[in-house]
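Here the structure is laid out as structure tokens; the discussion comes afterwards.
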Amino acid sequence: MKLDQVDISILNALQDNARTGLEQLAHVSGVSIASVQRRLKALREGGFILREVALLDGAKLGQAMTFIIMVELERERLDQIDDFVKRARQEPQVQQCYYVTGEADFCLICIAKDMAEFEALTHRLFFQNANVRRFRTSVVMGRKKIGLNVPLDMNGLAG
């Protein structure tokens with residue numbers, strides 16, 4: 001599927017607010033509601049839209065602390081990497097997990113209500129995993145930007 005300016009305007013509107021209605025999407029993209037519906041279906045089926053989620057305020061919901069954790073594994077066999085990813089995906093406190101290059105093997109973004117809850121998470125994810133060599137944690141002092149938007153315009157798209 002090749003994207004055009006209409007698709008990009010729909011995707012940009014949804015990145016700003018996933019609850020944008022069909023009428024508003026039709027207005028911003030300049031096409032009919034039926035066309036927006038067809039395009040949304042194609043964008044979802046084509047894997048351009050992975051999920052539509054709500055961005056919650058963790059601090060207001062009792063998860064006031066955020067941590068950035070760099071994790072080094074002892075061995076990087078495929079089964080061990082898969083095992084670590086599986087563990088990370090099963091932890092609700094792990095918001096994001098990236099397999100990275102450089103000194104660390106993984107970068108995790110985690111939340112917790114307090115240090116005790118974070119310590120329990122480290123025990124489950126790291127201390128109980130013999131393949132974790134070490135991990136380094138940075139505590140987020142303040143959130144200055146939160147989002148996963150992908151910058152979109154016709155010039156930046158690969159054809």
Side-chain angles (χ1 to χ4, degrees), residues 1-4 7-20 25 39-159:
M1 177 178 173
K2 187 172 180 177
L3 300 181
D4 62 16
D7 296 318
I8 289 172
S9 63
I10 291 170
L11 290 171
N12 278 327
L14 290 175
Q15 284 191 110
D16 287 336
N17 182 356
R19 290 185 54 169
T20 302
L25 291 173
R39 286 172 180 265
L40 281 172
K41 182 178 183 205
L43 290 166
R44 289 179 181 118
E45 289 174 355
F48 292 96
I49 299 173
L50 299 176
R51 292 187 335 182
E52 296 166 62
V53 300
L55 183 61
L56 305 180
D57 186 337
K60 289 182 179 177
L61 297 165
Q63 300 289 316
M65 302 188 78
T66 302
F67 305 87
I68 301 169
I69 309 162
M70 305 305 289
V71 182
E72 290 180 50
L73 301 181
E74 285 288 344
R75 294 162 301 282
E76 286 191 75
R77 286 193 344 240
L78 189 55
D79 62 322
Q80 292 167 321
I81 290 169
D82 289 346
D83 178 65
F84 184 83
V85 170
K86 181 180 175 185
R87 288 175 184 239
R89 284 183 174 161
Q90 290 174 343
E91 282 292 342
Q93 291 173 277
V94 176
Q95 291 185 315
Q96 298 174 54
C97 175
Y98 299 96
Y99 183 45
V100 298
T101 63
E103 292 182 30
D105 299 305
F106 287 93
C107 175
L108 304 179
I109 309 297
C110 301
I111 58 171
K113 67 179 178 184
D114 56 28
M115 288 304 290
E117 188 174 87
F118 176 68
E119 183 179 9
L121 174 67
T122 64
H123 283 266
R124 291 190 306 274
L125 270 181
F126 311 130
F127 293 118
Q128 295 174 5
N129 185 341
N131 196 38
V132 173
R133 177 182 301 150
R134 76 177 61 106
F135 65 97
R136 288 183 293 288
T137 303
S138 295
V139 178
V140 173
M141 300 295 290
R143 292 180 175 206
K144 305 304 178 192
K145 180 179 179 180
I146 302 167
L148 295 173
N149 287 19
V150 176
L152 295 175
D153 63 38
M154 284 306 293
N155 299 327
L157 289 178

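The CD atom of Gln80 lies 7.5 Å from the CG atom of Leu73; values are rounded to the nearest 0.5 Å. Separation of atoms CZ (Phe106) and CD1 (Ile81) is listed at 5.5 Å; rounding is to 0.5 Å. Of the inter-residue distances, the one linking Cys97 atom SG with Lys86 atom NZ reads 14.5 Å to the nearest 0.5 angstrom.
Side chain of Asn131 to main chain of Arg75: a donor-acceptor pair is present (N/O by atom type, distance under 3.5 Å, no hydrogens or angles). Distance alone, capped at 3.5 Å, is enough to place a donor-acceptor pair between the Gln93 side chain and the Ile111 backbone.
Annotation: side chain of Glu52 is in contact with side chain of Arg44 (closest heavy-atom distance under 4.5 Å). A heavy-atom distance below 4.5 Å is not found between the side chains of Ile69 and Val94. Counting heavy atoms from C-beta outward, Leu3 and Leu11 have side chains that approach closer than 4.5 Å. Between Ile109 and Ile68, some side-chain heavy-atom pair lies under the 4.5 Å cut-off. Between Leu43 and Met1 there is a side-chain heavy-atom pair separated by less than 4.5 Å.
Classification of the Phe118-Phe67 ring pair by plane angle, with boundaries at 30° and 60°, yields parallel. Using cut-offs of 30° and 60° on the angle between ring planes, the pair Phe126 and Phe84 is parallel.
Salt bridge present: Arg136 and Glu72 bring a charged side-chain N and a carboxylate O closer than 4.0 Å. No salt bridge links Arg134 with Glu103; every basic N to acidic carboxylate O contact stays at or beyond 4.0 Å.
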* To do: Show the numbers, then the answer: is there a salt bridge (Lys or Arg N to Asp or Glu O under 4.0 Å) between Arg39 and Asp4?
  => CA-CA 11 Å; Arg39 286 172 180 265; Asp4 62 16; 2.9 Å; yes
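With sequence neighbours excluded, the residues satisfying side-chain contact (heavy atoms from CB on, under 4.5 Å) with Asp83 are Arg87, Asn129.
Of all the heavy atoms in Val150 and Asn12, the pair that sits closest is O-OD1, 4.4 Å.
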